[in-house]
Amino acid sequence: MCDAPVLVIGGGPAGVAAAVSLAESDHRVVLVEQRDRLGGAIHRQPANRDIVHSLHGRHHTRNWRALNERLSAVQGKIRILYNSVFLGADDTGHALIEDRALGRTLSAKAAGLLVAVGAIEHIEPFEGWQLPGVMTAGGAQLMLKETGRFVPGRTLVVGSGPLIFAVAAQLASAGAPPVALVERGTPWRAPGAAFRLLASRSTFAETMRYGSIILRKRIPYKTGTGIVRAEASGSVLLVEVTSDTGRIARYEVDNLVISNGLRSNQIGLPRTSESSVYPILHAGDCREILGADAAIEDGAFAARKLVALLKGAPTPSPSHELEKARKLQAALRKLTSLDHSELVGDPIICRCEGMKRSDLLKLGNGRSAFETRLVGRFGTGPCQGRFCRASVNRITGISAEELSGRNHQEQRWPLRPVSIASLCSVTPFQTEFEQEPILLQPANAVSSKR
Amino acid sequence: MYVNANAPKVVVVGAGIVGASAAYFLAKQRIAVSLIDTAGPSAGATGSSDGAVSVASKQPGMMMTLAQKARAFYSQLASEGVLAGIYHPRPTFLISRTEEEMELLEVHAHDLRASGEETEIADSERLKRFVPGLSDAAIGGVVVWNDGHALGYEVTERLLSRSGVEIIRNCRCDAVATAGARVTGVYTSQGLVSADAIVVAAGLGSSRLLGLEDVLFARKGQIVITDRGGIGHAAFDGHLMAASYIAAKRRGSKTAPSRVGLVIDPLKTGQFLLGGTREDNRSDTGTDIESISQIVREAAALYPPLLARRVIRTFSGVRTATRDGLPIVGQHPTIENLVLATGFEGDGICLGPYTGKIVADIITDKVTEPEYSLLAPQRFLAERAAS
């Protein structure tokens with residue numbers, strides 16, 4: 001068995017699959033999870049046993065159960081750090097982890113690093129998207145999965161991509177059917193892409209299941225229709241949408257759920273390295289959006305590759321499964337028009353500093369990424385441009401990588417805001433692993449209503 | 001007058017605070033200016049420093065006098081409107097954490113007073129009146145009342161927008177073009193740009209252009225930026241500077257210089273800028289956990305309210321230091337119409353606008369301040385010409 005552990009970041013399907021595969025290859029693993037249990041966004045578990053829901057396809061439940069069984073079998077080799085947030089790597093190659101339970105920062109020199117932090121949710125700004133009552137589809141799913149319930153009142157779901165289709169059905173299943181589902185894309189006009197879904201039994205079954213819920217609950221489904229703006233009026237939201245043919249519709253709702261799909265999320269992460277001394281690999285949706293099923297395969301593949309790199313052996317080729325998933329995702333993108341639409345009006349672009357599109361235009365042409373950050377104040381707030389860089393890139397053409405920092409060649413940390421108290425107490429991680437007994441919290445039982 | 005009287009044109013190399021100031025004061029005299037930078041405005045040390053317009057850390061002598069004049073110049077520019085809303089007067093609090101440091105500060109305060117600075121030696125209780133939340137780790141200190149604050153990138157942006165000079169971004173300057181001993185332009189990655197005079201204010205980039213590799217060196221400083229803490233204004237009025245910072249800068253100090261010269265700069269957004277390390281011959285802009293942790297530990301020990309804050313970013317600035325610790329400002333000894341303004345290390349923000357005016361004066365043949373003769377490049381370049 002190798003001495004130094006391999007560090008796996010992220011307890012979603014890719015991270016858990018990677019950790020399990022590494023342990024099965026006799027590596028010691030430290031798995032870092034920011035929440036208090038494993039699962040990631042897709043397998044988010046209820047906050048307590050009384051909450052039951054049937055939010056997603058049964059094959060997801062089966063997959064997760066299988067991963068948990070493998071995890072139990074390699075217990076002694078995996079140490080899971082819960083409530084621990086990956087802060088990135090510093091310029092001496094130390095992986096930094098904020099241990100929120102103990103209020104300290106762990107600084108780790110591991111044998112290898114495998115990053116599986118998941119996708120980033122993409123939102124196309126519109127006027128009013130920052131208002132109270134507006135939440136992302138991911139946020140809505142999180143609430144549904146953890147509590148089994150949703151915020152009371154009328155809900156409208158708008159945006160583009162498979163996520164809003166799923167969340168509309170999930171809201172209906174949880175007893176909170178939305179007043180309408182408004183999709184910018186026009187799936188009916190891409191029969192070829194729809195046909196592609198048949199290639200994946202599980203995705204097809206899931207789509208049909210959500211579709212039948214939407215149909216059964218008579219949720220109006222508008223396609224080729226995008227949001228124009230949302231306004232606050234007293235305690236309600238007035239939402240205006242317009243179709244490709246110029247038909248305008250208005251909704252008065254209490255909640256507005258928005259999403260424009262998921263994006264890969266590698267900016268600021270330690271760059272991949274295929275060195276045998278300290279290999280660094282990315283896996284799952286943070287590397288490439290391939291979906292929950294392929295994330296498991298991608299995590300296992302990254303683990304195999306890491307093991308080979310550490311041994312100095314030839315690296316394996318990606319499996320056929322990943323290529324299939326890639327084609328499926330391309331079809332889904334085509335179906336639901338995940339490409340950018342026109343920005344309408346003068347929406348807030350940078351949520352942290354409250355900067356609008358007009359503020360960005362006022363800066364004038366030819367500005368550098370650094371001036372856009374420093375003078376324009378785009379990307380200088382707590383999220384450091386995670387949210388706004390896609391929009392700033394669309395408006396100015398400056399690359400998202402450049403916008404994330406002065407010199408995107410260098411490691412950037414912290415990836416998330418980190419408390420000063422925690423940075424005051426830096427603990428070398430190696431000794432940590434040696435001194436404390438390796439404890440594995442039991443994986444939570446998966447609850448699901450049949 | 002150096003420049004062609006009919007269509008004078010000056011190229012300024014380097015769009016930091018010094019280059020931007022030179023461009024501004026040249027443009028004010030109706031001289032056409034092109035400002036060239038390998039990246040863009042404020043991309044170097046100007047955009048990654050605290051905003052101390054301060055004489056508090058200076059020792060008596062020429063640099064103290066210059067800093068005082070430069071600070072007064074900031075006040076003048078603010079009252080004239082050019083830097084209105086950007087320059088703010090505010091005190092500097094020099095803080096000692098040991099008896100030894102307090103002794104050093106008392107000597108230092110004496111020197112500051114001898115140079116005409118209004119200072120006050122304050123005990124812990126008195127300091128807490130000005131800096132609520134300061135801990136008992138601060139055993140005493142010195143208040144330097146008439147210092148000020150301005151952020152380098154804000155000054156640069158304002159001066160450039162007011163001057164209307166042409167800014168050429170992402171353009172590398174490779175060599176100075178001469179005819180005989182006279183400047184004719186500069187060879188750049190975008191071709192030859194002709195000029196009647198050239199100002200080189202390119203920080204470390206000046207090395208390659210003028211062969212100053214053995215004179216200039218990088219001194220990296222790691223910096224921390226906190227969140228706003230929901231207050232929306234500066235947490236207190238002033239700039240905290242640990243005596244260790246003075247010790248690091250003050251020659252012959254008995255206190256061993258620390259790797260960190262602690263500075264706590266409360267910004268008007270409510271954020272704090274915490275700095276910084278002094279790492280010689282490091283020109284990268286990365287940061288490491290050991291240094292950042294030391295900065296925040298020292299800062300929070302002195303000012304515990306920081307423990308409730310979060311760090312949103314860490315980065316490094318690269319200061320351009322010189323072998324003798326003094327900036328290089330003045331006419332090149334052998335090439336006519338070539339003016340240097342570089343090597344300001346940590347004093348660029350304070351000295352920038354004033355130096356920019358001096359550079360414009362040199363180019364237009366006006367009389368300059370006597371202090372600047374001591375900064376002339378001869379001290380490095382004359383020996384080279386002789387050898």
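Letters A, B, ... mirror the listed sequences (proteins, then strands); counts begin at 1. Keep in mind it's a predicted model, so treat the numbers as computed, not measured.
- Only the side chain of B:Gln271 comes within less than 4.5 Å of a heavy atom in chain A; its backbone stays farther off.
- Heavy-atom distances place no part of B:Ile167 under 4.5 Å from chain A, backbone and side chain included.
- The CD atom of B:Glu290 sits 9.0 Å away from the OG atom of A:Ser107 when rounded to the nearest 0.5 Å.
- Summarising the local packing, CG of A:Asn365 is surrounded by 12 or fewer heavy atoms from other residues, nucleotides or ligands at distances under 6.0 Å.
- Contact of B:Thr269 with chain A is not made at all, since no heavy-atom distance falls under 4.5 Å.
- For B:Asp227, no part lies under 4.5 angstrom from a heavy atom of chain A.
- Ranked by heavy-atom pairs under 4.5 Å with chain B, the first of A:Val375, A:Thr92, A:Val418, A:Val426 is A:Val418.
- Proximity to chain B (any heavy atom under 4.5 Å) is shown, for A:Leu423, by both the backbone and the side chain.
- Of the charged side-chain nitrogens involved, none lies within less than 4.0 Å of a carboxylate oxygen, so that B:Arg310 and A:Glu98 do not count as a salt-bridged pair.
- Using a 4.5 Å cut-off between heavy atoms, B:Arg169 contacts chain A through its side chain alone, with no backbone atom that close.
- Between B:Val311 and A:Pro414, some side-chain heavy-atom pair lies under the 4.5 Å cut-off.
- Interface remark: of the candidates A:Gly366, A:Cys383, A:Ser422, A:Ser368, A:Gly366 forms the most heavy-atom pairs closer than 4.5 Å to chain B.
- The distance from the CZ atom of A:Phe370 to the OG1 atom of B:Thr46 is 9.0 Å, given to the nearest 0.5 Å.
- Note: B:Ile292 CD1 to A:Trp413 CH2 = 5.0 Å, rounded to the nearest 0.5 Å.
- Under a 3.5 Å cut-off, the side chain of B:Thr287 and the backbone N or O of A:Asp91 do not form any donor-acceptor pair.
- Annotation: side-chain hydrogen bond (donor to acceptor under 3.5 Å, both in side chains) contacts of B:Asp280 (sequence neighbours excluded): B:Arg219.
- Here the CG atom belonging to B:Leu306 is positioned 8.5 Å from the SG atom belonging to A:Cys424, to the nearest 0.5 angstrom.
- Interface check for chain A: of the options B:Ala301, B:Ser293, B:Ala39, B:Ala299, the most heavy-atom pairs under 4.5 Å are formed by B:Ser293.
- Only the side chain of B:Leu274 comes within contact range of chain A, with heavy atoms under 4.5 Å apart.
- Remark: A:Ile420 CD1 to B:Arg297 CZ distance equals 12.5 Å, nearest 0.5 Å.
- Your options are B:Ile295, B:Ile289, B:Asn170, and the one with the most heavy-atom pairs under 4.5 Å with chain A is B:Ile289.
- Ranked by heavy-atom pairs shorter than 4.5 Å toward chain A, the options B:Gly40, B:Pro41, B:Pro304 are led by B:Pro41.
- Heavy atoms closer than 4.5 Å to chain B are found in the backbone of A:Thr380, but not in its side chain.
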